[in-house]
Asker: 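Quick one: the structure is below, questions incoming.
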Amino acid sequence: MAKKQFKAESKRLLNLMINSIYTHKEIFLREIISNASDAIDKLCYISLTDDKVGLSRSDFRILIKADKENGTLTVSDNGIGMTAEELESNLGIIARSGSSDFKKETDEKAPDADIDIIGQFGVGFYSAFMVSDKVTVITKAYGAAAGYKWESSGADGYTITEYEKDFVGTDVIMHLKPDADGETYGDYLESFRIKQLVKKYSDYIRHPIITDVEKSETRETGEKDEKGNPKTEFYTVSEEQTVNSMIPLWHRSKTEATDEECISFYKEQFRDFEDPVCVIRVNAEGAVSYKAMLFIPEKAPYDYFTREYEAGLRLYCGGVMIMEKCADLIPDCFRFVRGVTDSPDLSLNISREMLQHDRQLKVIANSLEKKIKSELLKLMENEPDKYESFYKNFGIQLKYGVVSEFGAKKELLKDLIMFNSSKENELIPLSEYVKKMPEEQKFIYYVCAESVRHAEKLPQTEQVRERGYEILYLTEDVDEFVIQTLNNYESKAFCNISVDDLGLETEDEKKESEEKEKEAAGLLDFVKESLGDEVSVVRLSRKLKNRPVYLATEGGVTLEMEKYFKSLPGDRSDEIKATRVLEINGDHSAFRSLKAAYENDKEKAAKLSKILLSQAQLIAGLSLDDPSEYTEIVCSLF
Ligand code: ADP
């Protein structure tokens, strides 16, 4: 029979497994048991609506058999089984959904990053090769006529043959490696070791894990001792026992399931190598009772920002897994949250499509949403470093949450978002900004720029800075839309320093400014005329202090928005263009030189006007349409 070759990626992974990069080889058992449990979950779900399965919930089990004579350890389940095609696609190639990404990542990353990749893709089955030199899988799929045997001794390939099997389900037979180099694989055949591993890693599995447990008992030998009492001897008996408690973690109280246990559950189940930033436990009683255990990751998984990432919580109903990823339980803005929800109140026979409209499910989703928010706020308050680390990864998700669906979630999210502060040199939430506002300060000031460094140097911020007011630096594309959607925070309006009236002038100062403007009207008209359509308005600035010019805008579209739209595919910058306003500092020496030129040398004044506009454009982070014209003008003035 011809051997089939593993796909390239699988082969590489197998080699890694065989040469065992995991320091804890013992986790192979957990992985095989998890697969068995998943397979049972699937058939259990079908059995709810299909009598042909012929098994009830209590019939499902996982059996572990150790055969010391042949050196094999077998894990059997009566779950859904696999067809020949499934054997081929599930065990012949790993990382089905992302094999190309896998390859790309392994090529790009250093070899010591392998472990991360393994974790992220879930290649559980292959871990059997860490302890076995041959693995045999005998399986019969639910509804299939025949069973199949898959066998492989490692990287050189695998075979699949038809095989007679009476029951639906799967046996994974691991032919353990001979003991070598201080590794005693034979230990895995000892009943105490098996029991210990099940307790350690798989205790929460909801189906019974049954294995032969040896115990010592005493019996009479039939002889008598000197005193005439019957003699006894110890002997070993072996009996089948369910070794896991079957109580899922989320059903246990805080004392029964420590944070460490929950964290390691999270890492195993959701394939993360980092601890989550917070574990949320919910035990709700009321109109709808449910339990939930949620985790907020610190970092985004590799596929988070791709279409491949599937959001949702694992949903159980009275111990039966209904859905691996129920997206309706979690709003899109919290799609990074992982975890499980379990409610006996959901209708078991409901189809997955109908579930979406289930009233109970909506009640759970609403209360989870509030719970997640309050836990994130607590984290922000009590462990700001952790929150910041979380925010650096998922803040953008929260911000998109504010603007999407016409701001439907803005109330939920407004307290969770943060921006860089001109004073703190770090991210701060809006609540902190408002708390620190001096009484006379009317607005929440912000400025948009490509980076904090750039924002710090913008001339239009001079006045606000001089008053000692804090400025929020908006450096992400979505930020400005967030502010527009929020409109205000705790009744304080936002003020875009580049566009809006700063509201700082007294009545007298306003009058003075208007007079200066009137006086300079002729010159300003001249500048506007020299610049043509490049700007819509030229005026004296009420924001600048020490710097000569800056480029403001009028109307709804700002320069940052214009840049953003320009960066999108299908350039629409002709349609979405900011109305430019050149603001000149009337107290600056540059303005005085311009004025002198305007009175004596109009040609020079026109050149100076162009230079000022170009400078304003450069400061705003825009490129010049004609840089060589600009340099020629500058040189002509030498
Ligand atoms: P993962 O479990 O993360 O998907 P594995 O490599 O452990 O990755 O398993 C690959 C696939 O093989 C599983 O998704 C499942 O479809 C199938 N499989 C593994 N073990 C079993 C089993 N005992 N019964 C049925 N299917 C199984």
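The first residue of the sequence shown is numbered 1, and numbering continues consecutively from there. Start at 1 and go down the list; that is how both ligands and their atoms are numbered.
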Asker: Going by an N to O cut-off under 4.0 Å, is there a salt bridge joining Lys392 and Glu476?
Answerer: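 Answer for the salt bridge query: no.
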Asker: Does one side chain, of Asn393 or Tyr304, offer a donor that lies under 3.5 Å from an acceptor on the other?
Answerer: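 Short answer, no.
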Asker: Taking only Lys NZ, Arg NE, NH1 and NH2, and the carboxylate oxygens of Asp or Glu, determine whether Arg359 and Asp345 approach each other closer than 4.0 Å.
Answerer: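 Looking at Asp345 together with Arg359, the answer is no, because their closest N to O distance does not fall below 4.0 Å.
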Asker: Quick check on contacts: which atoms of ligand 1 are under 4.0 angstrom from a heavy atom of Asp77?
Answerer: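 Here the atoms of ligand 1 in question are 22 (C), 23 (N).
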Asker: Any salt bridge linking Glu240 with Lys65? Criterion: basic side-chain nitrogen under 4.0 Å from a carboxylate oxygen.
Answerer: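 Looking at Lys65 together with Glu240, the answer is yes, because their closest N to O distance falls below 4.0 Å.
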Asker: Do you know the tightest heavy-atom contact between Phe295 and Val279?
Answerer: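 Where Phe295 meets Val279 most closely, the heavy atoms are CE2-CG1, 3.8 Å.
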Asker: Taking only heavy atoms of Met82, which atoms of ligand 1 are found under 4.0 Å from at least one of them?
Answerer: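 Those qualifying, in numeric order: 17 (C), 18 (N), 21 (C), 25 (C), 26 (N), 27 (C).
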Asker: Please could you name the atoms of ligand 1 that Arg271 approaches to less than 4.0 Å, counting only its heavy atoms?
Answerer: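 Counting from 1, the qualifying ligand atoms are 3 (O).
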Asker: Just to be sure I'm reading this right: ignoring hydrogens, which of Ile33, Asn35, Asn78 gets closest to atom 19 (C) of ligand 1? Compare them by their nearest heavy atoms.
Answerer: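 Among Ile33, Asn35, Asn78, the closest heavy atom to atom 19 (C) of ligand 1 comes from Asn35.
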Asker: Hey, does Phe125 come in under 3.5 Å of ligand 1, counting only N/O atoms on both sides?
Answerer: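 Between Phe125 and ligand 1 (N or O atoms, distance only) the closest approach is under 3.5 Å.
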